[in-house]
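Bear in mind the structure is a predicted one, so any value in this text is a computation, not a measurement. We count residues from 1, following the sequence as given.
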Amino acid sequence: MKNIELSLIKFTLSYLVYTAILGLVAYFLPLALPGVTLLVSKFWVLFIFLAGITFIAYILADLGMKRNPEAGIMAIMGSIALKMLFSMAFVLIYSQNTKEKGLVLVLNFFSLYLLFSFFEIYSLLRNLRHQNK
């Protein structure tokens with residue numbers, strides 16, 4: 001049980017650092033290019049949502065891998081599918097409630113989605129590799 005808590009703490013710390021770096025890049029990018037619209041008006045809502053849903057998806061996949069190591073890949077795929085469904089629902093609701101419908105919203109969403117997913121999948125596969133040893 002201690003190993004599970006330790007790996008979750010380690011992931012949480014590294015995820016917070018990764019999220020902070022992404023947040024700093026997102027904060028300073030418009031300052032570097034002042035004449036260009038790079039972020040949607042509610043970018044930080046999108047950022048926090050994707051950061052939160054990625055953390056939840058990781059925890060679900062990690063718990064699934066710990067409960068049944070043989071079905072580890074299925075747990076990863078299930079968490080990714082749930083994350084994608086919730087993210088698509090969020091974008092649908094967001095685009096319906098704001099007037100921002102365009103390339104900036106699409107680029108903001110997919111860049112954040114892919115960056116957070118990359119970190120999640122990398123961390124899960126690293127844990128899966130350690131379980132197989």
Handout entry: Val106 reachable from Met88 in the ILVMFWY side-chain graph, under 4.5 Å edges
Key = yes

Exercise for the section: Quick one: do Thr12 and Phe55 satisfy side-chain contact (heavy atoms from CB on, under 4.5 Å)? Show the steps, please. Expected result: CA-CA 8 Å; Thr12 302; Phe55 187 74; 3.5 Å; yes

Handout entry: Side chain to side chain, Ile21 and Val17, heavy atoms closer than 4.5 Å
Key = yes

Completion exercise
Note: Phe49 and Ser87 closest approach over all heavy atoms is CE2-CA, 3.9 Å

Problem - Distance in Å, Lys66 NZ paired with Leu8 CG, rounded so as to fall on 0.5 Å steps - result: 9.0 Å

Problem - Shared hydrophobic cluster for Ile59 and Leu124 (ILVMFWY, side-chain gaps under 4.5 Å) - result: yes

Handout entry: Donor-acceptor pair, side chain of Asn97 and main chain of Ile93, under 3.5 angstrom
Key = yes

Practice task
Would you name the heavy atoms of Val104 and Thr37 that are closest together and state the gap between them?
Solution key: CG2-O, 3.7 Å

Handout entry: Donor-acceptor contact present, side-chain Asn108 to main-chain Phe43, <3.5 Å
Key = no

Exercise for the section: Can you measure from CG (Leu50) to CZ (Phe86) and round to the nearest 0.5 angstrom? Expected result: 13.0 Å

Practice task
Kindly compute the distance separating CG (Leu29) from CG (Leu39), expressed to the nearest 0.5 Å.
Solution key: 6.5 Å

Fill in the blank from the handout: Smallest heavy-atom separation, Gly23 atom then Trp44 atom, equals O-CH2, 3.4 Å

Problem - All side chain to side chain contact (heavy atoms under 4.5 Å, CB included) counterparts of Leu115, not counting sequence neighbours - result: Tyr18, Leu22

Exercise for the section: May I ask you to check whether Phe47 and Tyr27 place their ring centres under 6.0 Å from each other? Expected result: no

Exercise for the section: Looking only at non-hydrogen atoms, find the nearest pair between Ser79 and Ala57 and report the distance. Expected result: CB-O, 3.3 Å

Practice task
Would you kindly confirm whether Ile76 and Phe118 end up in one hydrophobic cluster when ILVMFWY residues are joined by side chain heavy atoms under 4.5 Å apart?
Solution key: yes

Problem - Residue pair Ser117 / Thr54, side-chain heavy-atom distance below 4.5 Å - result: no

Practice task
Output the distance between atom CG (Leu33) and atom CZ (Phe28), rounded to the nearest 0.5 Å.
Solution key: 13.5 Å

Handout entry: Evaluation steps, side-chain contact (heavy atoms from CB on, under 4.5 Å), between Phe109 and Val40
Key = CA-CA 10 Å; Phe109 172 75; Val40 292; over 6 Å; no

Practice task
Establish, yes or no, whether the cationic atom of Lys83 lies under 6.0 Å from the six-membered ring centre of Tyr113 and within 45° of the ring axis.
Solution key: yes

Problem - Shortest non-hydrogen separation from Ser95 to Leu105 and the atoms involved - result: CB-CD2, 4.1 Å

Practice task
Flag yes if Leu24 and Val45 sit in one hydrophobic cluster, no otherwise; membership is Ile, Leu, Val, Met, Phe, Trp, Tyr, and two members link when side-chain heavy atoms are under 4.5 Å apart.
Solution key: yes

Exercise for the section: To the nearest 0.5 Å, tell me how far Ile80 CD1 sits from Leu60 CG. Expected result: 12.0 Å

Problem - Distance, nearest 0.5 Å, that separates CD1 of Ile48 from CD1 of Ile53 - result: 14.0 Å

Handout entry: Exceeds 12 heavy-atom contacts within 6.0 angstrom, atom OH of Tyr15
Key = yes

Practice task
Could you state whether Ile121 and Leu63 fall into the same hydrophobic cluster, counting links through intermediate Ile, Leu, Val, Met, Phe, Trp or Tyr residues with side-chain heavy atoms under 4.5 angstrom apart?
Solution key: yes

Handout entry: Trace of the side-chain contact (heavy atoms from CB on, under 4.5 Å) decision for Leu46 with Phe90
Key = CA-CA 9 Å; Leu46 181 65; Phe90 178 83; 3.5 Å; yes

Handout entry: Closest heavy-atom pair and its distance - Pro30, Ala26
Key = CD-O, 3.0 Å

